[in-house]
Amino acid sequence: MPEELSKQYDPRETEEKWYKIWEDSNLFSAKIPSQKKPYCIVIPPPNVTGILHMGHALNNTIQDILIRYHRMKGFNSLWMPGTDHAGIATQNVVERSLAKEGLKRQDLGVDKFISKVWEWKERNGSTIIAQLKKLGASCDWSRTRFTMDAAYSESVAEAFIWLYKRKLIYQGYYIINWCPRCQTALSDEEASHVELQGSLYYLKYPLKDNPDKFISVATTRPETMLGDTAVAVNPKDIRYKEYVGKILILPLVNRQIKIIADSTVDTQFGTGAVKVTPAHDPNDYRMGKKHNLEFINVMSPDGKMNALAGKFSGLDRFKAREVVLEELRTIGLLEKIQEHKLSVGHCYRCHTIVEPYLSKQWFVKMRPLAKPAIKVVKNGKIKFYPQRWTKVYLNWMENIQDWCISRQIWWGHRIPVYYCKNCQSKNPDKGIIVSKTKPEKCPKCASTDISQEKDVLDTWFSSWLWPFATFYWPKENADLKYFYPTAALVTAPEIIFFWVARMIMSGLEFRKNIPFKDVYIHGTVRDIEGKKMSKSLGNVIDPLEVIAEYGTDALRFSLISITTQGQDVYLSKERFEQGRNFANKIWNASRFILMNLKPENINADLCVFFKNEKMDILNRWIISRFYSTLKKTDEDLAAYRFNEAANGLYSFFWHEFCDWYLELIKPQIGEKQTQLIMYKILEKYLRLIHPFMPFISEEIWQRLPGAKDSIMQQKWPHLQPDLISDDDEKQMQVAFDIINTVRNMRAEMEVGLNNRIEIKLTFSDRSREKIIAPLINYIKNLAKVETLKITEKYLPQENEFACVLKDMHIVMPLKGIVNVAEQIKKNQLKIDRLESEIKNKETMLANKNFLGRAPKEIIDTEKAKLKDMREQVTKLEVIKNGLR
RNA sequence: GGGCUCAUAGCUCAGUUGGUUAGAGCGUUGCGUUGACAUCGCAAAGGUCAGUGGUUCAAGUCCACUUGGGCCCACCA
């Protein structure tokens, strides 16, 4: 017999202890070869710079539930963990710490800086892992990968070379999103657009032939006018027809620029004439290509104006905007300023406004990759949960743009491209050698003057290989064969484009197979006002604080129970009280059972027991309820309805097992049968709750007299529908109705009890007077309308009333005062309601349409319902009179 | 501009294919609890399911529109 449990559950004592034991006993590790079926989830690798936030907590709890559930279900469950090198984010962190010493990364040089980053990673990179462990995550940590590991880097290089050979990677000058602070290119997805109140400036450009006449153009970024090389109008725009082909003098720079006609110009916007700056705007870039315009880049990578900006050179872009406007105003060429809303791209790492910037970058051609990735989703090989994301995914994939994968930062995978200076000196487009390692000499000219491309790859270029690069692809190996494709991917909607879509494409390209079958997209965790949780808003609820205060199981359970499929989660700290209270309820119910349990009673086999013994109705009932809860849990988890599963487990345990069963068995708790059943139900329930609340379930499991091994090694219970007939369950329901009825003096009865019912009521002295008379009256009436008979009647104690109805043994305390007059009124209301219901049903059953269309079962049940209702009304009438 | 999503109790939200009396947690009120649990129990109050129209024997659930929130996408100079 274990030592007695304390009155309250203390998560702090147990969590660390069990996590260590699980880990030390290798219970998380998935070994092959194995006869079992694989069930694999790859973790969305958190950034090495990451600190656990609620999003992680939710995301990883869901994964852990799936993993633990399938492990118990008999799968060889693997949760593949790891971290992401997070190029820009990590570089920023290290740069910030250098800045404290007054240093810039340029002061160190590439190699020294990179080794600083590695140092940082060694020191801090496992923070997030340690935090995931606090969350109870049952990852196979022995397999932990990092996207910058040597082997992983090889996978990245392999992928690049593969695509290059397939001619799906190219290099070229394009307008890309440029972050002047990070000084790197960003992909379209990395530039997040925010709507801002800006201004639309109308600038007047004088005509060369007639300097008194002007063409007005509207722009939001007037400083870029320094790089204008044309003004465009719509060819259909009659206002400007006569000007097409004429020359304008670009103010401040005095460059001659042409007026061109282009159908992409919107006649409705601004003045209908648009300044064309091919080096600073993607639209203008296309126009520039089409009309063979000059590309004048007036900015440096740091966001300052360069030499081509003439006297504005050296000014920051926003300062330059002010100065340009001021000068134009002075010479009378600033026509007007209008308020204007526009959405401006911001760097998703440092929130600096990005600049559309012309530069030479590497791109992946996406359309050929997207095509098969569209197909697998359309034909259902990959399913999104909830389904609506399918549309979002397809919409993006069908309009996919090429992916800019080069970054001008230092921390990341160097692009596996080498340049032969000799060849390049002859032709700048030649001399490119794509290779995993530095070639000794140029294969064309044998020169040894070879240098590697300075740019690194977009972090997502490594992440998109995650489902197979973690298994050491391109090396063919048993793990890869066994675990790929993985079962499910659990992630947030923000990264469908960044990551999910690209993984699907890479899986199909490199492995010729989907990377996962199911994609579960959970909601974003927001604060109670619906705002995203972020440090800058100061509205963060730290999961680690919640764990410290309420415990991990409480955190997990609360998070899951409020996560409706795919709906955003609005969170406040009070939410976690529910989880804590539930943990405590489980604790105390277990404590009660263990206190009353005689270990010699628990060895019988449930099935055998069932065959040989006549089961008490209470015990039959709770078993029945348990199995329907089990069934529901299975169904909910299969459909990724985690909150439904959690809520089902919650209400079974609290409102059925504790509130009813444990209360009702108290008088018979010493009986052998009841001992066995209450133990078995607890024992089985612990398994059901374990994926959700791993720690408390283990702690109690270990205190069970029959416990062997860890609860993690136990099997998920099998459905045993034959043990319990529907009739039993119905009977129990009937019994509860009676109890409730008596308790409330509410007249509501069903027939058909075969067992003895003993109702014993306790009440306070004060209520005694008020209750006893109407109660006896009431019971009498019950006995009249039903087949129930009052076989005994007694007043055992001052404040108790008991009577035995037929065959069932139930003792219930009665609490509260009953107001008879009110009950009569309520009865009348109920009768009224029922009568209108009956009318409704009668019309329905008389309706030919209904009878023609509805399936037979429905008609039958409806008929039965009607009959029931009519009977009820009769009973209610009788009881009403009895109460009177 | 295109798409998605939400509106249900005082608050935060469930409600799976239309089908008995629309549920939970918290909050409020009343009663109770010295042997599992005050992190508790029993009950009560509180809902024209955003509005209008439609389909149906039957609508919180399906359709259309309206109102008001939230999110995503897009080359809005």
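All of these numbers come straight from a predicted model, not from anything done at the bench. Hydrogens, waters and symmetry mates play no part in the numbers below; they use all other heavy atoms, side chains included.
Annotation for A:Lys289: atom NZ does not count as buried by contact number, only 12 or fewer foreign heavy atoms lying within 6.0 Å.
B:rA7 is paired with B:rU67 under the criterion used here, namely a Watson-Crick or G-U wobble arrangement in which both key atom distances are under 3.5 Å. In this structure B:rG1 sits in a base pair with B:rC73, meeting the Watson-Crick or G-U test at under 3.5 Å. Remark: B:rC40 base-pairs with B:rG32; criterion is Watson-Crick or G-U wobble with both hydrogen-bond distances under 3.5 Å. Summarising the base pairing, B:rA45 is matched to no nucleotide, lacking a Watson-Crick or G-U wobble pair whose two defining distances lie under 3.5 Å.
Separation of the P atoms belonging to B:rG68 and B:rC31 is 47 Å when rounded to the nearest angstrom. Across the P atoms, B:rA44 and B:rU8 are found 24 Å apart, a figure rounded to whole Å. Taking atom C1' in both B:rA64 and B:rU55, the straight-line distance is 11 Å, to the nearest Å. A distance of about 7 Å separates the P atoms of B:rA7 and B:rA14, rounded to the whole Å. Distance noted for atom C1' between B:rC26 and B:rC72: 32 Å (whole Å). Comparing the P positions of B:rG32 and B:rC13 gives a spacing of 36 Å, expressed to the nearest Å. Distance noted for atom P between B:rG41 and B:rU5: 38 Å (whole Å).
Here B:rC72 is the nucleotide among B:rC72, B:rC4, B:rA36 with the atom lying nearest to any side-chain atom of A:Phe497. Here the nucleotide nearest the side chain of A:Lys7, chosen from B:rA36, B:rC4, B:rC37, is B:rC37. Side chain of A:His340, nearest nucleotide from B:rA36, B:rA77, B:rU5: B:rA77. In this structure, the nucleotide among B:rG15, B:rC37, B:rA36 sitting nearest to the side chain of A:Glu644 is B:rG15. Listed nucleotides B:rC37, B:rA77, B:rU16 differ in distance to A:Asn584; the shortest reach to its side chain belongs to B:rC37. The side chain of A:Cys658 sits closest to B:rA36 out of B:rC4, B:rA36, B:rU16.
Under the 3.5 Å distance criterion, with hydrogens and angles disregarded, a donor-acceptor pair is assigned to the side chains of A:Tyr202 and A:Gln338.
Atom P of nucleotide B:rC76 and atom CZ of A:Arg286 are separated by 10 Å, given to the nearest angstrom. When rounded to the nearest whole Å, the span between CG of A:Asn283 and C1' of B:rC75 equals 4 Å. When the C1' atom of B:rC40 is taken as reference, atom NZ of A:Lys585 falls 6 Å away, rounded to whole Å. Going from atom CD1 of A:Ile593 over to atom C1' of B:rC37 covers 12 Å, rounded to whole Å. Atom pair A:Leu594:CG and B:rC37:P shows a separation of 14 Å (rounding to whole Å applied). When rounded to the nearest whole Å, the span between CG of A:Asp636 and P of B:rU16 equals 12 Å. The nearest whole Å value for the distance from the CG atom in A:Asp266 to the P atom in B:rA74 is 20 Å. Between the CG atom of A:Leu559 and the P atom of B:rC13 there is a distance of 15 Å, rounded to whole Å.
You'll find the ring centres of A:Tyr520 and A:Phe384 outside the 6.0 Å limit. In this structure, A:Tyr685 has its ring center no closer than 6.0 Å to that of A:Phe657. The distance between the ring centers of A:Trp654 and A:Tyr650 falls below 6.0 angstrom. Side-chain rings of A:Tyr385 and A:His522 stay apart, their centers remaining 6.0 Å or farther from each other.
Side-chain N/O atoms of A:Lys391 include one lying less than 4.0 angstrom from OP1 or OP2 on B:rC4. Between A:Trp389 and the phosphate of B:rC72, there is no side-chain N or O to OP1/OP2 separation shorter than 4.0 Å.
Mapping A:Asp659 and A:Phe592 onto RNA chain B via the closest heavy atom, the residue that lands nearer the 5' end is A:Phe592. When each of A:Trp654 and A:Ser561 is assigned the nucleotide of RNA chain B with its nearest heavy atom, A:Ser561 is the one assigned upstream, toward the 5' end.
The minimum heavy-atom distance between A:Lys7 and A:Trp587, with the atom names listed, is O-CD1, 4.1 Å.
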Problem set entry | A:Lys632/A:Glu644 under salt bridge (Lys or Arg N to Asp or Glu O under 4.0 Å): CA gap, chis, key distance, verdict | CA-CA 9 Å; A:Lys632 180 178 154 52; A:Glu644 283 292 319; 3.2 Å; yes
Polar atom pairs (N or O), protein with nucleotides 24-26 of chain B, under 3.5 Å:
residue	atom	partner	partner atom	Å
B:rG25	OP1	A:His655	NE2	3.4

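Note on A:Val274: a base of the nucleic acid sits closer than 4.0 angstrom, heavy atoms only. Heavy atoms of A:Val265 sit under 4.0 angstrom from at least one base atom.
Every pair passing salt bridge (Lys or Arg N to Asp or Glu O under 4.0 Å) that includes a residue from residues 268-282 of chain A is listed here, sequence neighbours excluded: A:Arg221-A:Asp281, A:Asp228-A:Lys275.
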